[in-house]
Amino acid sequence: MPDLTNSQIAAALDELGDLYELDGAIVHRVVAYRTAAKAVRESSTSVAALARAGRATQLAGVGKTLQEKIVTLLETGDTPSAQKLRAKFPAGLIEMTRAVPGLGPKRARILYDELGIDSIEALREAAATQSIRGLRGFGAKAEENILASLVAFDAGDVPGVRLLLPKALNAGDAIVDALREHPASDRVELAGSARRLADSVKDLDVIATAHEPAELSRALSELELIESTGRPTEAGVRARTHTALPVDLKIVAPDQFGNLLQHFTGSKAHNMAMRDAAVRRGLHISEYGILDDATGETLRCPREEQVYERLGYQFIPAELREGRGELEAAARGELPDLITEADLRGELHAHTTASDGRATLEEMAFAAREGGFEYLAITDHSATHGFGNEVSPDQLKVQIEKVHALNEKLDGIELLAGSEVNILPDGSPDYEDELLAQLDWVIGSVHTSFRIGEQAMTERMVAAIEHPLIDAIGHPTGRKIERRAPYPVDMEKVIEAAARTGTMLEINASPDRRDLNDVHARAAAEAGVLILVDTDAHKISDYGFRRWGIATARRAWLTRDQVANTRPWPEFAALRKRALVR
DNA sequence: GCCGTTTTCGGCCCGACTGTTTTCAGTCG
């Protein structure tokens, strides 16, 4: 049996946290489980392997006890504590807390202990028959809230659906623009995970200062893209867009704008780590200021930079604020000089009408030159793509000539004849080596047979990486954000193989992929792998995807030097594996 | 359960809101 993945171990720790919470454990113990779950989920190496080696404690938030529990989990498939607690509390209790906002573990416990309510159905019945009111802490309002929440739950209106970043930013930017134009506003900024350019976004945080705050709150509720709102006040308003995205507008005094922006940009983990460090120095951070125990004075910051300055940190770009060591690096003044969109010089992954693209070779080439690219690899799908748009070996030979001929004619951009070849289940590419050798550039990608298991997939990827004519691996984990989990693959071994062979790994910039993700891209770059930021363009406008690829690269702490296609063509050309091995 | 410029015990981020209370616990972000 293969080892549990990091997500599986994290899920087990989260479950234990939920169970202990129902059991009435002190909150810090529950938080300890959740913190550890997060560290496990974000670990770029196999936590199962770490735990077996007795080294899982090197993860922040994992101590001796959890290290042992993880080992038990690996050896027996479960933990005795989870088994015991599951027998004590039916799974319906946790489902109830997920379905009804405002019903947490403490209150769910009361319902279970006093009335035996152990499922969503039992809860509905009890609320409908008014048997909940009268319990300590519950009234008629509670029953109303439960019934209303369950109606929404039945209708599939579950809270917590996440929107892809571009869609969230569309709404967020529209709201910010509209509020900035409003006469009542002074400053308006988008905060939250959208500002951190996360993969997907659960809600929008908009923060503002205004000389007529109540009026600005009302203005938000009247925007066309807003579906419904709460009560607008001087402090702000909660609303929801027609795309079911919650929007939180917060308004404060101008001299606290920096504190508020910092606080609502988050992440939660970043803020908690920063506050924790501050408390040890006698400082207390909130969205309203920084309280100094020694003087009893609160420092209000009009600008966000001042918050970090007062605490002795370098300014931390929003993309890095995930509680992944950025505070320690900022304290030492060692934050990376992050890559920007302007640093990209080449595009190494693009399709044309020869396979499933919508634009011709000429159109893609001209648009790339217009967009400032100095080199472009045409990488249509290969012989086994199999959606009616595969490129046979003979067709590829024609395509190579066409690309080279156009390259002769075209000034200002270097065109590469390439291919995105399928990595077959045994790890081999689906063209003959002789044909691959005629190409200037080859990306290998997995498009089929996702469910062959972690070990087989890892061997398949490593075999492809070791092929001398595969220069780079495209979208290495195959995930589709919010739609499809990555296929099981040992990324540690993939990264090791890439580093050893000089194979580049791609950050595919398509906004539903962003694959490699931030954690893997960081680990790969630290291991010495050269990263590519590619758009995988299927039409001209897709070149704009580079924005999302750069977002992931920045969240991965990448500098310009760690991304291969920031280099001028002659330098890049020499870094291709086919150039290295000759 | 974790962790240490408060080192092996005694703390652990901060505030708003809600519904229930009459001073606050629970929930949420």
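All of these numbers come straight from a predicted model, not from anything done at the bench.
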Quiz item: When you check the phosphate oxygens OP1 and OP2 of B:dA16, does a side-chain N or O of A:Tyr288 lie under 4.0 Å from one of them?
Solution: yes
Quiz item: Going by distance alone, is a donor N or O of one side chain under 3.5 Å from an acceptor N or O of the other, for A:Thr477 and A:Asp515?
Solution: yes
Quiz item: Whole Å only: how far is the NE2 atom of A:His284 from the P atom of B:dC12?
Solution: 9 Å
Practice problem: Establish, with yes or no, whether the OP1 or OP2 oxygen of B:dC2 is under 4.0 angstrom from a side-chain nitrogen or oxygen of A:His28. | Solution: no
Quiz item: Do A:Pro101 and A:Ser149 come close enough that some side-chain heavy atom pair is under 4.5 Å?
Solution: yes
Self-check item: Spacing of the P atoms in B:dT8 and B:dG4 (rounded, Å)
Solution: 12 Å
What does the list of N/O pairs under 3.5 Å between the protein and nucleotides 3-5 of chain B look like, with a distance for each?
residue, atom, partner, partner atom, Å
B:dC3, OP1, A:Gly61, N, 3.0

Exercise. Let me know the distance between CE of A:Met274 and P of B:dC13, rounded to the nearest Å.
Key: 14 Å
Quiz prompt | Atom P, compared across B:dC13 and B:dC2: separation rounded to whole Å | solution = 16 Å
Quiz prompt | Whole-angstrom distance between B:dC14 and B:dT22, as gauged at atom P | solution = 29 Å
Quiz item: What's the CG-C1' distance between A:Leu283 and B:dT6, to the nearest Å?
Solution: 15 Å
Practice problem: May I ask you to test the A:Met491-A:Leu516 pair for a side-chain heavy-atom distance under 4.5 Å? | Solution: yes
Quiz item: Charged N to carboxylate O under 4.0 angstrom, A:Arg52 versus A:Asp3?
Solution: yes
Exercise. Please work out if A:Lys250 contacts a base, only the sugar-phosphate, or nothing of the nucleic acid, heavy-atom cut-off 4.0 Å.
Key: nothing
Quiz item: Using purine N1 to pyrimidine N3 plus N6-O4 or O6-N4 for Watson-Crick, or N1-O2 and O6-N3 for G-U wobble, both under 3.5 Å, which nucleotide pairs with B:dT8?
Solution: none
Quiz prompt | B:dG1 versus B:dT5 - spacing of their P atoms, nearest Å | solution = 23 Å
Quiz item: Which whole-number value in Å describes the distance from A:Leu19 CG to B:dG1 C1'?
Solution: 16 Å
Self-check item: Lys/Arg N to Asp/Glu carboxylate O, A:Arg240 vs A:Asp248, below 4.0 Å
Solution: no
Quiz prompt | Contact check, side chains of A:Lys69 and A:Leu13, non-hydrogen atoms, under 4.5 Å | solution = no
Quiz item: Using atom C1' of each nucleotide, how far apart are B:dC28 and B:dG11 to the nearest Å?
Solution: 24 Å
Quiz item: Does a nitrogen or oxygen in the side chain of A:Thr65 sit under 4.0 Å from OP1 or OP2 of B:dC2?
Solution: yes
Exercise. Pick base, sugar-phosphate or nothing for A:Ile26, based on heavy-atom distances below 4.0 Å to the nucleic acid.
Key: base
Quiz item: Between A:Glu222 and A:Arg218, does at least one N-O distance fall below 4.0 Å, as a salt bridge requires?
Solution: no
Self-check item: Check ion pair A:Lys141-A:Glu144 (N to O, under 4.0 angstrom)
Solution: no
Quiz item: Any salt bridge between A:Arg554 and A:Glu341, counting N to O under 4.0 Å?
Solution: no
Quiz item: Are A:Arg555 and A:Glu319 ion-paired here, with the side-chain N under 4.0 Å from a carboxylate O?
Solution: no
Exercise. Taking the six-membered ring of A:Phe138 (Phe, Tyr or Trp), confirm whether the NZ or CZ of A:Arg107 is under 6.0 Å from its centre and within 45° of its axis.
Key: yes
Self-check item: Distance between P atoms of B:dT21 and B:dT27 (Å, rounded)
Solution: 15 Å
Quiz item: Whole Å only: how far is the NE2 atom of A:His270 from the C1' atom of B:dC14?
Solution: 15 Å
Quiz prompt | Among B:dC14, B:dG1, B:dC12, the one nearest A:Asp276 by side-chain distance | solution = B:dC12
Quiz item: In whole angstroms, how far is the C1' atom of B:dC14 from the CD1 atom of A:Ile285?
Solution: 10 Å
Exercise. Quote, to the nearest angstrom, the C1' distance that separates B:dG10 from B:dA16.
Key: 29 Å
Quiz item: Base, backbone or nothing for each nucleotide of nucleotides 17-29 of chain B, written B, S, -, heavy atoms under 4.0 angstrom, 5' to 3'?
Solution: --SS-----SSSB
Exercise. Would you kindly give the CG-to-C1' distance between A:Leu291 and B:dC13, to the nearest whole Å?
Key: 13 Å
Quiz item: When the P atoms of B:dG26 and B:dT20 are considered, how many whole Å apart are they?
Solution: 14 Å
Self-check item: Spacing of A:Lys38 atom NZ relative to B:dC2 atom P, expressed in whole Å
Solution: 17 Å
